[in-house]
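The structure under discussion appears below in the form of structure tokens.
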Amino acid sequence: MKLLSKVYEPQKVEDKWYSHWVEKNYFHSEPNSKKKPYTIMIPPPNVTGMLTMGHILNNTLQDILVRKARMEGYETLWLPGTDHAGIATQTKVEKELKKKGKTRYDLGRENFIKLIWEWKEKYGGIIINQLKKLGVSCDWERERFTLDEGLSQAVREVFVDLYNKGLIYKGKRIINWCPVSHTALSDEEVIHKDVNGHFWYFKYPLKENNNEHILIATTRPETMLGDTAIAVNPKDERYKKYIGKTVILPIVNREIPIISDEYVDKEFGTGAVKVTPAHDPNDYEMGKRHDLEFINIMNDDATMNKNTPEKFVGLTRENARKLVVKEMDNLGLLAKVENHQHSVGYSEREDVPVEPLLSHQWFIAMEKLAKPALQVVNEGKVTFNPSRWIKTYNHWLENIKDWCISRQLWWGHRIPVFYCKDCGWESAEKTDPIKCPKCNSKNIYQDKDVLDTWFSSWLWPFSTLGWPEKNKDLDYYYPTDDLVTGPDIIFFWVARMIMAGLEFKDEIPFKNVYFTGIIRDSQGRKMSKSLGNSPDPLDIIAKYGADTLRFGTMLIAPKGQDILFDESQLETGRNFLNKLWNATRFIFMNIDDDDDFSKLTIENITLSTPEKWILSKLQNTVKSVNDNLDNYRFNDASKDIYNFTWNYFCDWYIELIKPSLFAESDTVSQKEKKSSIFVAIYTLKTILKLLHPFTPFITEEIWNSIKNENETDLIVSEWPKIDDKLLDKEIENEMELVMKIITAIRTIRSEMTVPPSKKADVLIQDDSEKYKDILNRNSNYIKSLGKIENLTIDKRIEKPEMSATAVVEKLQIYIPLEGLIDTDKEKERLKKEIASYEGRLKAVQGKLKNPNFVKRAPENIVEHERKKEKSYLESLELLRKNFEKLG
RNA sequence: GGGCGCUUAGCUCAGUUGGUUUAGAGUACCUGCCUUACAAGCAGGGUGUCAUUGGUUCGAGUCCAAUAGUGCCCACCA
């Protein structure tokens, strides 16, 4: 037996147990034909990442599922890993370089990649170690990285396959260009923000008549340098006469046609639109329709290129804009400027406006892949929790656009397409060719671009298991069971994984998806570095321990709703774990050194009322925890355990057994005491099991101090089974009455300010003798918990002159309070009580008086209301009588 | 413009298929307690037009519709 400190100190136990679990290899999984597999693939955090509250929520949920499955006897695999995070990682290392006054171009591609690998080896493990602090039970022997050799092979296999199927193609399109990272982005990597900009009204002079102008409005004046037409709606009477004519593009002095196109909205702006086909997606479409010229006016960094007049070359977008406006003004062609709010696309990573740019990029044709992915979710083969995300998923997939997968970066999977300079051969290859297979020339080279990071992520559920090789792992663990992730990456990741799973494995990648909420600060703002409102989870762990962070988060995280996080909310969790700790201490204090419980079982001991009651309540709790966890209701499950432990086990059971524990020693009470303690230990152990997935450290610590020698560590112990024989509704009802009586007595004492140190006498009148047996059986408990000196229970009791009264069902309770009673106060109290019952009675009678209710409501409901009515009437009668006696 | 959430006690929020709850928890608050597990505790207390308005139903916080406020996602309006 251990001497436990008065307050639980997580810092002393957490690291110890984590090392112990790892040493014992409990997290490791191997295919085992005798067991069913249970598999979760971690959403791989960015290798550059630091642990955030989002990770805490996400990984705690996964760990709960995994630890429970492990205890339930599944062969459990939680496979961890990190993502190479193309842009994020490259940017980070480039910033380091910049401090030394260098760029990646100074190093060259090969050396730069080498440098990132060095950086990865040095810092890439940080987030993994942070996760370990949280207690996650991942199989670290199977840790993967998206740029690992195996995963890279999977990427290449997939690319070649899609290329050969014609689903990957190279095309010239308007794409989102990030002028800071100098790369194309997918549509999903662009965030639209509403910005307060301007509408500039420009006059473009007609060639045919220099004094005549056509007025256009634009939010981006600098793009006029690339204008190749003016468009109007064919039905617009105002402009009909201009169609087919020509204007002179000011500043540039280029002749451009006036065309008509249905796209133009007559009502918007001036009804005439400048057309810049190389810098706007809509203009691009118009340009194609009308065979316009495509003039790219920008360099990769969004400065003006030599396709613009000399004074603009080299200017940034912003400066070019200013100069255009100024020049137009000087030329007298700036008609007016208006404030105008509009939406601008920003690069998700760099937070700068993206530039729509005409460029050669690689794309995946998505439509064919989307169809089966839609089907499996809508047929319920893959379930979404909460299910409302299905709509979001459907909407995206039904309107899917081709995925731009090439990035002009160096860090990532290089596109495995090779070209021959001599004969023009082009092909996607699984391994690097040495010479051109067509003309034998060695003059071949590989495409310079790398793939979007998500191109490796979408293969994660099977690439991590060794695909494309066929092996036991893949057969055994795939498809996986649950995916836990945020709804913000439903398009980036979830949908694409489903598509990839179906296309390459011919099977769904996971059976269920649980979408977490998003953790926000106490004012509802998204947590972000720039706002500085994101607490460092490691600081919290240092302060409260990982268990408190985990349990506290679970308590406040309802299914799929966003969470407003405030550190003070964790105190509930901390206090609870301390409560559990102290309940354990109490049990230890009442175990004698020579006690031996090893031969005792629930079946072979004599159970008295509190034991039967707590065991019955325990069965209900196990049932409810199971049910809630099966439905991903983590916060309900954590509340089940919280309420059972605190409100039933600590507040009532432990208090109820105290008399037998403290009783003078004789053989009978010794036996009773032993049963009480045994059941206390049994219950505590079950609580530890239920709680272990939520708070692994404290439960393992307590478990190891209390377990029998032949028992395993808690992490691999057996999940509690429900024992129907221990369910006892009658005992629960009996205890409920006893608890009501005790509470009524306590209430009187408190309201009459009788200090707990002062023992009182209590008389209970049981007129009908309906409760005779129950009262006799439980009189000791009532005496003990009600702090009663003499308890008299009888059929015929006259109300003592100076006494306070209470009514519990048909029982009259009297507490003589000579000298303490304040008649007015007592009257007030009774009045309130009567009013309360009258209110209830009114509600019940309202229902019962309604003939339709009696006729149409189910019988058990009507019956229940009748019982309530009867009980209220009886109580009211007694209360009124007592009230009258007070005069 | 379309879609999806949210609105319940001072605060933060639960409330799963409508009926054992005249609506619950934590926290804050009030009263009394260092009662030999725990003051991070114990006992007691009350706190609400469940956003508004209609509808369905014997019965609505719960289902439906509209309205208001609020948040998020998607969408090419120059």
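Just so we're on the same page: letters track the sequence lines, and every chain starts at 1.
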Exercise. Taking atom P of B:G19 as reference, at what distance in whole Å does atom CD of A:Glu863 sit?
Worked result: 19 Å
For this session: Taking the six-membered ring for Trp and the full ring for Phe, Tyr or His, determine whether the centres of A:Tyr642 and A:Trp646 are under 6.0 Å apart.
Result: yes
Exercise. Between B:A66 and B:C58, how far is it from one C1' atom to the other, in whole Å?
Worked result: 26 Å
Exercise. Which nucleotide sits closest to the side chain of A:Arg388: B:C58, B:C77, B:G5?
Worked result: B:G5
Exercise. Are a donor atom and an acceptor atom from the side chains of A:Thr276 and A:Lys274 found within less than 3.5 Å of each other?
Worked result: yes
For this session: Take atom P in B:A23 and the same atom in B:U47, then report the distance between them in whole Å.
Result: 12 Å
Exercise. If we take the P atom in both B:A14 and B:U8, what is their distance in whole Å?
Worked result: 10 Å
Exercise. Side chains of A:Asp261 and A:His290: do they bring a donor and an acceptor to under 3.5 Å?
Worked result: yes
Exercise. Going by modelled atom types, is there a donor-acceptor pair between the base of B:A37 and the side chain of A:Glu655 at under 3.5 Å?
Worked result: yes
For this session: Between B:A39, B:U20, B:G19, spot the one nearest the side chain of A:Lys6, thanks.
Result: B:A39
For this session: Give one of base, sugar-phosphate or nothing for A:His395, where a contact means two heavy atoms less than 4.0 Å apart.
Result: sugar-phosphate
Exercise. Between A:Lys579 and B:C42, does any side-chain N or O lie under 4.0 Å from OP1 or OP2?
Worked result: yes
Seminar exercise, completed: Ranking B:C42, B:A37, B:C4 by distance to the side chain of A:Phe662, first place goes to B:A37
For this session: Indicate, yes or no, whether a donor-acceptor pair under 3.5 Å links the base of B:A40 to the side chain of A:Arg574.
Result: yes
Exercise. With distance as the sole criterion, is a donor-acceptor pair present between the side chains of A:Tyr204 and A:Asp227 under 3.5 Å?
Worked result: yes
Problem set entry | Distance-only donor-acceptor test, A:Ser836 side-chain atoms vs B:U22 base atoms, 3.5 Å | yes
Exercise. Any donor-acceptor pair under 3.5 Å joining the side chain of A:Asn852 to the base of B:C58?
Worked result: no
Exercise. For A:Gln569, which contact category applies under a 4.0 Å heavy-atom criterion: base, sugar-phosphate, or nothing?
Worked result: sugar-phosphate
